[in-house]
Amino acid sequence: MPGVSPCVLEVANPTQLDVLPFAWTDCGPGCSTTPTKVLASDEVVFGRAVSARVYDSEVHVRFSTIWAYHYYLTAVRRLSDGGLVAAVRAPGDTTMNCGPVGFAPSAPHVLGFFKGMMPGPDGLSTIGTYVVASLGANGLVWSAPAPNLSPIETSVLENDLGWGLALYDGTLRVKIPVDTGPLALIDQGSYPAYSAVGWGHLVISNPALPGSSDEVIRAWEPSRPSRTIVAQANSGIPAVALSDTAMAWVGVHGPGRSDGTYTAAELYFTPFPAGKDAVSVMGGIPLTEVGGTVELQTLGDYAAIMSADQSKKYLAITIARLSDGHLWILRHRPGAVFMRLLAISPAEIVVGENDDTGDSKLASQMQHLTRYEVARLDDLSAAW
């Protein structure tokens, strides 16, 4: 594939790649699950690199897999029928070639790879090149490679205009439009944003700014500079989510809140904040599972939060109905543990799970894609 140097990449014809069909099995009331492998030869599905989002009424899920010493694969599939939407492969020795770009809370249409090239300014870390394609209505559109950047992306985002990266050095960068221009620096935090997301023309992130270790919510649009739209006193904001109608976030408290040890946490939300310099803060719904927020998703009248349960041994999912503050708590089903909160659609909550074996090697993997029906939340919250 030309124009993606220093990576060597191959783009699949979705109609010709022989992917494994989704094999849904019943796993309880309103619950169905399937293995996550894309190709029969896949050895591992990387848990952190899985991403999902609702497009109209269809959920797309992006998987990144490996067959050691043979390839890295990044593939986007429809949840409804398992159909392949797009796939890119880095063939050959996986110790030498480009690896998949990681954590993307709601950006499955960003298919990214990173090639480490040389020591960074400190002489220890590696800098290198990002090679990224965005999936649009007419297929994949490749951005010019972005060189001389940190390999540690804390969050990858997409919106209607392009894609972006929050990096460990606290920078937030966007590629808009995707097929021209540089990867532009739009914000700088003293601590990185671990929950950078986009929707429409908007980019939202949650860095900590100089003078504080607590996160704020920052907004950016091409027509408006980066600005703080939410700053809550004595509160951290570990996770932010966007839908077409709302922004939701978690506020946390306590002396150890920067380390994920909270004495209290609440769910807040506001109407979609495009064009705003400040927003009306709604909600403040108390959350009882406060052992460390992992992920947040929202759509329509619902928001879901994945966090450590009170035992601190497992993850749980809290679902809130925004209109009245009603909560449901989903705990892990027998034999499985939650790993990722991927998406909420009008019909279901989509999560990643692993077998509950205690095998530490599974911590970086995702074995199962599981769907929990929104209409069965009463049954699901009482089941386990």
Side-chain angles (χ1 to χ4, degrees), residues 103-106 154-155 157 166 189 191-199 202-209 212-219 228-243 245-273 278-310 312 314-331 338-344 349 351:
F103 184 61
S106 302
T154 57
S155 193
L157 65 95
Y191 292 91
Y194 289 93
S195 188
V197 291
W199 203 289
L202 184 65
V203 172
I204 293 292
S205 62
N206 66 330
L209 298 179
S212 174
S213 60
D214 280 342
E215 302 90 353
V216 298
I217 300 179
R218 303 272 286 173
T228 298
I229 60 172
V230 175
Q232 294 173 297
N234 301 313
S235 301
I237 302 176
V240 184
L242 278 176
S243 73
T245 59
M247 178 177 74
W249 67 96
V250 175
V252 299
H253 317 285
R257 58 185 178 269
S258 297
D259 300 320
T261 305
Y262 315 144
T263 57
E266 302 87 35
L267 175 68
Y268 297 92
F269 56 93
T270 193
F272 189 71
V279 300
S280 57
V281 176
M282 305 164 66
I285 302 167
L287 303 173
T288 60
E289 306 300 316
V290 295
T293 296
V294 179
E295 291 186 87
L296 171 67
Q297 297 286 347
T298 188
L299 188 77
D301 195 27
Y302 294 91
I305 307 98
M306 180 174 281
S307 60
D309 67 11
Q310 294 183 354
K312 308 299 190 292
Y314 295 99
L315 294 171
I317 300 174
T318 301
I319 299 99
R321 189 164 55 208
L322 303 182
S323 57
D324 61 5
H326 186 82
L327 297 179
W328 297 265
I329 297 176
L330 272 57
R331 306 197 184 276
F338 294 133
M339 298 299 294
R340 294 287 313 280
L341 173 64
L342 297 173
I344 300 177
I349 299 156
V351 305

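Starting from 1, each residue takes its place in the sequence as its number.
Between S205 and A193, the closest heavy-atom pair is CB-CB, 3.8 Å. The nearest pair of heavy atoms linking N206 to P238 is ND2-O, 3.3 Å. Scanning both residues, P273 and L242, for their nearest heavy atoms gives CD-CD2, 4.1 Å. Listed here is the closest heavy atom pair of V216 and A231: CG1-CB, 3.9 Å. Nearest heavy-atom pair, L299 versus I344, reported as atom, atom and distance to 0.1 Å: CD2-O, 3.3 Å.
By the side-chain hydrogen bond (donor to acceptor under 3.5 Å, both in side chains) test, S280 is found to be paired with no residue, residues two or more places apart in sequence or in another chain being considered. By the side-chain contact (heavy atoms from CB on, under 4.5 Å) test, Y194 is found to be paired with T154, Y168, P192, residues two or more places apart in sequence or in another chain being considered. Qualifying side-chain hydrogen bond (donor to acceptor under 3.5 Å, both in side chains) partners for R340, counting only residues two or more places apart in sequence or in other chains: E295. With sequence neighbours excluded, the residues satisfying side-chain hydrogen bond (donor to acceptor under 3.5 Å, both in side chains) with W328 are D378. In this structure, the side-chain contact (heavy atoms from CB on, under 4.5 Å) partners of A246, at least two apart in sequence or on a different chain, are S243. Qualifying side-chain contact (heavy atoms from CB on, under 4.5 Å) partners for A241, counting only residues two or more places apart in sequence or in other chains: L296, T298. P286 pairs by the side-chain contact (heavy atoms from CB on, under 4.5 Å) definition with nothing, not counting sequence neighbours. The side-chain hydrogen bond (donor to acceptor under 3.5 Å, both in side chains) search around E215 returns none, not counting sequence neighbours.
In this structure, CG in L209 is found 5.0 Å from OG1 in T228, a value given to the nearest 0.5 Å. To the nearest 0.5 Å, atoms CG (L267) and CG (L327) are separated by 8.0 Å.
In the displayed structure, Y191 atom OH is contacted under 6.0 Å by at most 12 heavy atoms of other residues, nucleotides or ligands.
Using a 4.5 Å heavy-atom cutoff, the side chains of V351 and L342 are not in contact. Counting only heavy atoms from C-beta outward, the side chains of P105 and S155 approach each other to under 4.5 Å. Contact annotation: the side chain of Y268 never approaches that of I237 to less than 4.5 Å [non-hydrogen atoms, C-beta and beyond].
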Should L202 and F272 be marked as a side-chain contact (heavy atoms from CB on, under 4.5 Å) after you check the CA-CA gap, both sets of side-chain angles, and the distance that decides it? CA-CA 9 Å; L202 184 65; F272 189 71; 3.8 Å; yes
Please walk me through it: do I204 and I229 pass side-chain contact (heavy atoms from CB on, under 4.5 Å)? CA-CA 10 Å; I204 293 292; I229 60 172; 4.0 Å; yes
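Side-chain atoms of T270 do not come within 3.5 Å of backbone N or O of M247 as any donor-acceptor pair. Checked by atom type and distance alone, the side chain of S307 pairs as donor or acceptor with a backbone atom of E289 at under 3.5 Å.
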Could you pull out all donor-acceptor pairs under 3.5 Å where a side-chain atom in residues 316-323 meets a protein atom, sequence neighbours excluded?
residue : atom : partner : partner atom : Å
R321    : NE   : D324    : OD1          : 3.1
R321    : NE   : D324    : OD2          : 3.1
R321    : NH2  : D324    : OD2          : 2.8
S323    : OG   : D301    : OD1          : 3.4
S323    : OG   : D301    : OD2          : 2.7

Donor-acceptor contacts, no H, no angles, side chain residues 248-259, under 3.5 Å, sequence neighbours left out:
residue : atom : partner : partner atom : Å
W249    : NE1  : Q232    : OE1          : 3.0
H253    : ND1  : N234    : O            : 3.3
H253    : ND1  : S235    : OG           : 3.1
H253    : NE2  : E266    : OE1          : 2.6
H253    : NE2  : E266    : OE2          : 3.2
R257    : NE   : D214    : OD1          : 2.9
R257    : NE   : D214    : OD2          : 3.2
R257    : NH1  : G254    : O            : 2.9
R257    : NH2  : D214    : OD2          : 3.0
S258    : OG   : S213    : OG           : 3.4

